[in-house]
Asker: 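Let me begin by handing over the structure; questions about it come next.
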Amino acid sequence: MKATQAERVLAYIEQFGSITQYEALSDLGVMRLASRISDLKKNGYPIKSEVVAVKNRFEETCYISRYSLEVTADG
């Protein structure tokens with residue numbers, strides 16, 4: 001059975017530690033990462049986001065969200 005986009009996003013986070021919109025698009029072909037993150041949260045996954053500063057191709061500072069699994073006390 002083919003994995004859903006949300007399942008692919010979750011697997012990516014588990015393998016690489018986090019994901020950004022750029023990584024979701026370029027590596028997974030997922031255009032609506034925030035929606036897939038919302039799906040995962042609704043299914044009980046403890047996803048956290050942080051805003052990080054990056055430089056665009058014009059060397060301007062831009063802010064993007066980086067999503068990862070929240071570390072809980074039980075593992």
Asker: Hey, what do you get for CD1 (Ile13) to CZ (Arg66), rounding to the nearest 0.5 Å?
Answerer: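 These two atoms lie 10.5 Å from each other.
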
Asker: Counting only heavy atoms not in Tyr12 (residues, nucleotides, ligands), do more than 12 fall under 6.0 Å from its OH?
Answerer: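 More than 12 within 6.0 Å, yes.
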
Asker: Count I, L, V, M, F, W, Y as connected when their side-chain heavy atoms are under 4.5 Å apart, and connections chain through other members. Are Leu25 and Ile37 then in the same cluster?
Answerer: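 Cluster IDs for Leu25 and Ile37 differ.
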
Asker: Could you grab the distance from atom CZ of Arg36 to atom CG of Leu33, nearest 0.5 Å is fine?
Answerer: 9.0 Å

Asker: So which atom in Ser68 and which in Gly17 form the shortest heavy-atom distance, rounded to 0.1 Å?
Answerer: CB-O, 3.2 Å

Asker: For Ile19 and Ile47, what are the C-alpha separation, side-chain angles and deciding distance, and is it a side chain to side chain contact (heavy atoms under 4.5 Å, CB included)?
Answerer: CA-CA 11 Å; Ile19 193 167; Ile47 306 287; over 6 Å; no

Asker: Taking NZ, NE, NH1 and NH2 as the nitrogens, is one of them in Lys41 or Glu70 under 4.0 Å from a carboxylate oxygen of the other?
Answerer: no

Asker: Using the side chain to side chain contact (heavy atoms under 4.5 Å, CB included) rule, take Met31 and Gln5 through it: C-alpha gap first, then chi angles, then the decisive distance, then the call.
Answerer: CA-CA 10 Å; Met31 294 193 68; Gln5 287 187 345; over 6 Å; no

Asker: Flag the pair Arg8 / Lys2 as yes when at least one side-chain heavy-atom distance between them is below 4.5 Å, and no otherwise.
Answerer: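 Yes, at least one pair of side-chain atoms sits under 4.5 Å.
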
Asker: Just how far is it from atom OG of Ser35 to atom CG of Leu40, taken to the nearest 0.5 Å?
Answerer: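 Answer for the OG-CG pair, Ser35 versus Leu40, is 11.0 Å.
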
Asker: Side chains of Leu10 and Leu69, heavy atoms from C-beta outward: is any pair under 4.5 Å?
Answerer: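 They are in side-chain contact.
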
Asker: Nearest 0.5 angstrom please: Ser26 OG to Gln21 CD, how far?
Answerer: 9.5 Å

Asker: With a 6.0 Å cut-off (strictly less than), is the heavy-atom count around OH of Tyr22, excluding the residue itself, greater than 12?
Answerer: no

